[in-house]
Undergrad: 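Before anything else, here's the structure in question.
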There are 2 protein chains.
Amino acid sequence: MTDGETDQNVRPTNLGQIIKKARTDLQMSQRDVEEATGKEISNAYLSQLESGKITKPSPHILYALSTVLAVPYETLMERAGYIVPSAQRPADVKHGRAATFAVDNLTADEEAALLDYLAYLRTKKG
Amino acid sequence: MTDGETDQNVRPTNLGQIIKKARTDLQMSQRDVEEATGKEISNAYLSQLESGKITKPSPHILYALSTVLAVPYETLMERAGYIVPSAQRPADVKHGRAATFAVDNLTADEEAALLDYLAYLRTKKG
DNA sequence: AATGCATGCTAAGTCTGTCAAGCACTAACT
DNA sequence: AGTTAGTGCTTGACAGACTTAGCATGCATT
C-alpha cells in the first residue's frame, strides 16, 4: 500500500533514535533531561545513547528515561535487546501517541495553560 | 537450636544464594549449568555470581538461568535490583497534577496541537 | 567584534560484568 | 603412590557501560 505502512521486519528506529525523538518531541535539551533525571543521566551519556554509541544501557537507566520521556519502560527494554518478562502486554500502548505526551514534566503553569488551550480547541470544533 | 535440620526453610534473598539453592536443589554442578545453558554462562562466572562477587548480571544472563534453574525470570530480575516492568503500572506514583490532565482522552490531533502549543510556550519563557 | 550562554558532541578515563585458563581440593580407581 | 575425573574457586585480561572535563558551533546581546 502506498506509504506509511510499517514493515515489522525492518527496524529503522533503534534505541537511540527512539530516545532522541521522544526528547525532541518534548522540546527538551539533553541537559534538560539530565536535570529531569536528577543528574542520574548525564548529557554526555545521553548523547552517546542517542548516537548509538551505547546500545545496551542498564535497565535502571532505561527506567529513568521512560519516566522522564514518557515512553513505556518495556519498549525501551525491548529495544535495548533485553528479554521482557513474558507478561507481554501488546496492548499496553493503548493510546500510543498520547503516551508520548510527558505530562510529568509540565509545570503547574504550563498545565494550566494547556488545559485552557485544550478547552478552547474543543469549544471550537464542537 | 536443636533444629537438627539445616535451615533450608528460609528463603534466600540474595541473588547469589537464590541461584545456588536452585542449582543444588536440582543436583546440578556449576559445570552442569554451564552445559545446560549451552556455554552461555561459564562455570567460573557462575561461581562469582553465587558468591556474590557479581551483583548485577545482565538480564539475558538472568533469563538463561531462569530457564535452566526453573526460577521465574522476574524473581531474578528483582533480586538483581532491576525494576520489573509489571511493577510499573499500578504505582505511577508521582503524578498528582498529571491526574487532572486527561491525556487519555486526547485525540491525535489534539495532542499534536497541544505539543505545538507547549513548544510555543517554552520558547516564550525560555 | 566580543562576550556570554546554550546545545550537542568528543576524549580519556574508571568501573564492572564477562570470559578463558588454570589452581586447589576431593574421591575414586589401577 | 599416581592418575584421572569432578567439584568450586581465583586470576588476568578484555569489552562495554558510564563519568567528568572540555571542545566547537550557533545564537543572542552589548
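By convention in this document, chain letters (A, B, ...) are assigned in the order of the sequence lines, proteins followed by strands, and residues within each chain are numbered from 1.
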Undergrad: Salt-bridged, B:E35 to B:R31, with N to O below 4.0 Å?
TA: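 Not counted as a salt bridge, because no side-chain N and carboxylate O are separated by less than 4.0 Å.
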
Undergrad: B:E50 and B:Q17: side-chain donor and acceptor closer than 3.5 Å?
TA: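 No pair is found: no donor N or O on one side chain lies under 3.5 Å from an acceptor on the other.
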
Undergrad: Could you report the tightest heavy-atom contact between A:S66 and A:V71, atom names first, then the distance?
TA: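 In this case the closest contact between A:S66 and A:V71 is CB-O, 2.9 Å.
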
Undergrad: Run A:L26 and A:L69 through side chain to side chain contact (heavy atoms under 4.5 Å, CB included) and show every step you take.
TA: CA-CA 8 Å; A:L26 295 174; A:L69 300 181; 4.2 Å; yes

Undergrad: How long is the line joining CG of B:L46 and P of D:dT10, in whole Å?
TA: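 That distance rounds to 14 Å.
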
Undergrad: Classify the nucleic acid contact of A:E34 as base, sugar-phosphate or nothing, counting any heavy atom under 4.0 Å across all strands shown.
TA: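 Nothing, no heavy atom under 4.0 Å.
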
Undergrad: For every nucleotide of nucleotides 6-17 of chain C, 5' to 3': is a protein heavy atom under 4.0 Å from its base (B), only from its sugar-phosphate (S), or from neither (-)?
TA: -BBBB------S

Undergrad: Does A:I19 reach the side chain of A:L15, with side-chain heavy atoms less than 4.5 Å apart?
TA: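 Answer yes - side chains close enough.
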
